[in-house]
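Side chains included, hydrogens not; waters and symmetry mates left out as well; all remaining heavy atoms used. All ligand and atom numbering here is 1-based and tracks the order in the structure.
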Amino acid sequence: MERKGISYTFAVPKSVQGFGVFVYKLMGFKEQIDLSRLPEHIAIIMDGNGRWAKNQGKFRGVGHESGVLSVKDIMEGCVEIGVKHLTLYAFSTENWNRPIEEVNFLMELLISTINQETETLTKNNIKLNAIGNIASLPQRCIDDLNSAMQKTENNTSCTLTLALSYSAKWEITDAARKLAQQVKDGLISVNQINEEAFAAQLTTTNIPDPELMIRTSGEHRISNFLLWQMAYTELYFTDTLWPDFRSEDLYEAIVDYQKRERRFGKISEQLN
Ligand code: IPE
Ligand code: IPE
Ligand code: MG
């Protein structure tokens with residue numbers, strides 16, 4: 001029997017094979033996670049809202065609204081097991097090129113979600129953070145975002161970072177421009193530009209690089225997300241559409257991640 005999110009193992013000891021002695025083990029993905037080896041930072045490309053709505057003959061916006069329920073569930077799922085950083089790709093620079101009605105709908109949804117969910121953030125001791133070209137968002141959105149970030153700034157269980165009007169190429173270009181300006185102003189020398197100095201200019205400067213990146217909806221691409229930060233991130237792709245994605249799916253991804261060997265250029269024998 002196979003059910004999503006639950007694995008059933010039937011083990012027949014060799015010595016008694018044929019006698020029908022079965023060891024039956026029922027275990028959810030959450031129980032399979034090794035909490036001592038949790039990824040500190042999980043980044044997610046939340047994709048598939050439009051297709052989810054279309055599958056049901058509904059307007060794309062219904063998919064985006066349903067996606068908010070997944071955001072809540074995943075946020076709480078992270079807090080429950082102790083993931084310290086969750087970064088969600090909510091709106092890319094390229095998403096500005098969608099039909100204006102959809103862009104407006106997404107901005108309104110963002111504003112109402114921030115306002116409605118600040119309480120959930122507080123209840124779960126989650127700190128809200130935002131990366132991307134925030135200045136390009138509608139003023140109301142900027143104001144509400146700032147107010148929610150202020151209200152949650154002392155929370156400590158998990159940092160939820162929303163990537164809004166974000167693209168990695170924008171971020172990397174912006175960092176290069178800032179460093180060039182610092183050299184021009186005589187604040188640093190060209191030789192002082194190294195990986196640390198560069199990373200310090202990125203919008204993620206206080207966040208560790210993600211160990212695990214999940215993309216839903218069956219697309220196998222990065223779509224301009226965290227290109228610098230994901231140099232050594234483990235990538236996990238699932239066909240599940242974002243509005244169907246729940247904590248148990250997140251835990252399944254973590255279990256998969258924990259089975260991998262992260263070698264960082266070394267060979268197996270050098271590890272441990
Ligand atoms: C992800 O779902 C949400 C955003 C990009 C804002 P999509 O809207 O991309 O859904 P699909 O990919 O069209 O199904
Ligand atoms: C990536 O999804 C951006 C977000 C999830 C916010 P898209 O649906 O916009 O990506 P592409 O265009 O299919 O690569
Ligand atoms: Mg998409």
Side-chain angles (χ1 to χ4, degrees), residues 41-75 77-78 85-114 116-117 128-138 140-142 144-145 160-174 202-204 207 210 212-230 233 235-246 249-250 253:
H41 181 184
I42 299 177
I44 306 184
I45 301 180
M46 311 181 287
D47 200 12
N49 296 352
R51 277 163 284 167
W52 186 89
K54 198 173 172 187
N55 288 346
Q56 307 188 20
K58 290 181 180 151
F59 155 65
R60 290 179 60 86
V62 177
H64 296 312
E65 283 172 342
S66 299
V68 175
L69 301 178
S70 301
V71 170
K72 276 184 77 164
D73 196 69
I74 295 310
M75 246 163 49
C78 280
H85 294 271
L86 172 67
T87 298
L88 301 176
Y89 204 5
F91 192 85
S92 72
T93 306
E94 290 77 17
N95 288 149
W96 288 113
N97 298 321
R98 291 195 177 190
I100 185 71
E101 300 77 26
E102 180 161 346
V103 170
N104 290 341
F105 185 92
L106 283 166
M107 291 301 141
E108 285 303 324
L109 184 63
L110 182 61
I111 292 168
S112 61
T113 304
I114 290 168
Q116 278 163 31
E117 300 306 329
L128 182 66
N129 178 39
I131 57 170
N133 187 3
I134 303 303
S136 68
L137 298 170
R140 225 158 29 95
C141 192
I142 299 173
D144 292 355
L145 198 56
L160 168 69
T161 299
L162 296 181
L164 296 166
S165 191
Y166 175 89
S167 87
K169 285 190 177 180
W170 165 83
E171 177 182 46
I172 290 169
T173 310
D174 196 54
L202 298 172
T203 57
T204 49
I207 307 172
L212 172 63
M213 193 285 289
I214 300 168
R215 183 172 189 150
T216 58
S217 90
E219 305 296 355
H220 294 190
R221 57 178 172 265
I222 304 297
S223 301
N224 221 344
F225 190 40
L226 303 176
L227 293 180
W228 173 282
Q229 298 85 342
M230 294 208 295
T233 298
L235 308 180
Y236 179 89
F237 299 100
T238 169
D239 287 339
T240 303
L241 301 173
W242 178 250
D244 289 327
F245 197 81
R246 288 291 180 272
D249 301 289
L250 172 79

Open item on the list: Can you check atom 12 (O) of ligand 2: any protein non-hydrogen atom closer than 4.0 Å?
Closed with: no
Open item on the list: For a distance under 2.8 Å, tell me if Glu219 has an N/O/S atom near the Mg ion (ligand 3).
Closed with: no
- [ ] Could you name the option among Leu106, Ile45, Asn97 that has the heavy atom nearest to atom 1 (C) of ligand 2?
- [x] Ile45
- [ ] Tell me which N, O or S atom of Asp47 sits nearest to the Mg ion (ligand 3).
- [x] OD1
Open item on the list: Any atom of ligand 1 sitting under 4.0 Å from a heavy atom of Ser217?
Closed with: no
Task: Distance from atom 14 (O) of ligand 2 to nearest protein heavy atom, with residue and atom - done: Ser223 OG, 2.6 Å
Task: Close approach, Arg60 and ligand 1, non-hydrogen under 4.0 angstrom - done: yes
Task: Interfacing atoms of ligand 1 (cut-off 4.0 Å, heavy-atom, His64) - done: 3 (C), 8 (O)
Open item on the list: Main chain of Trp242, side chain of Ser70: is a donor-acceptor contact present, judged purely on distance under 3.5 Å?
Closed with: yes
TODO: Could you label the plane-to-plane angle of the His85 and His41 rings as parallel, tilted or perpendicular, counting under 30° as parallel and over 60° as perpendicular?
DONE: tilted
Task: Polar side-chain atom of Arg215 near backbone of Arg221 as donor-acceptor pair, under 3.5 Å - done: yes
- [ ] Check whether any side-chain heavy atom of Leu145 sits under 4.5 Å from a side-chain heavy atom of Leu164, and report yes or no.
- [x] yes
- [ ] May I ask you to test the Asn49-Pro243 pair for a side-chain heavy-atom distance under 4.5 Å?
- [x] yes
Open item on the list: Give me the residue, atom name and distance of the protein heavy atom closest to atom 10 (O) of ligand 1.
Closed with: Gly50 N, 2.9 Å
Open item on the list: Return the closest protein heavy atom for atom 9 (O) of ligand 2 as residue, atom name and distance.
Closed with: Asn95 ND2, 2.9 Å
Task: Test item: Arg140 side-chain N/O and Ile111 main-chain N/O as donor-acceptor pair under 3.5 Å - done: no
- [ ] Give the contacting part of Phe225 toward ligand 2: side chain, backbone, both or neither, where contact means a heavy-atom distance below 4.0 Å.
- [x] neither
TODO: Would you give the length of the straight line joining atom OG1 of Thr204 to atom CD of Gln229, rounded to the nearest 0.5 angstrom?
DONE: 3.5 Å
Open item on the list: Closer than 3.5 angstrom, by distance alone: can the side chain of Ser167 be matched with the main-chain N or O of Thr93 as a donor-acceptor pair?
Closed with: no
Open item on the list: For ligand 2 and Arg98, I'd like to know whether there is a polar contact (N/O to N/O, distance under 3.5 Å).
Closed with: yes
Task: Donor-acceptor pair, side chain of Glu171 and main chain of Thr203, under 3.5 angstrom - done: yes
TODO: Indicate yes or no for a side-chain donor-acceptor contact from Tyr89 to the backbone of Ala43 under 3.5 Å, with no hydrogens or angles considered.
DONE: no
- [ ] For atom 2 (O) of ligand 2, state which one of Arg215, Met46, Arg221 supplies the nearest heavy atom.
- [x] Arg215
- [ ] Indicate, as side chain, backbone, both or neither, the part of Arg51 found under 4.0 angstrom from ligand 2 when only non-hydrogen atoms are considered.
- [x] neither
- [ ] Considering the heavy atoms of Ala90, write down every atom of ligand 1 situated less than 4.0 Å from one of them.
- [x] 6 (C)
- [ ] Return yes when Ala53 approaches ligand 1 closer than 4.0 angstrom through a heavy atom, no otherwise.
- [x] no
Task: Any donor-acceptor N or O pair under 3.5 Å, side chains Asn133, Ser165 - done: no
Open item on the list: With heavy-atom distances below 4.0 Å as the criterion, list the atoms of ligand 2 near Phe91.
Closed with: 6 (C)
Open item on the list: I'd like to know whether ligand 1 has Glu219 as a neighbour, heavy-atom separation below 4.0 Å.
Closed with: no
- [ ] For ligand 2, indicate whether the residue Glu94 contacts it via side chain, backbone, both or neither (heavy-atom separation under 4.0 Å).
- [x] neither
Task: Min side-chain heavy-atom separation Met46-His64 under 4.5 Å - done: no
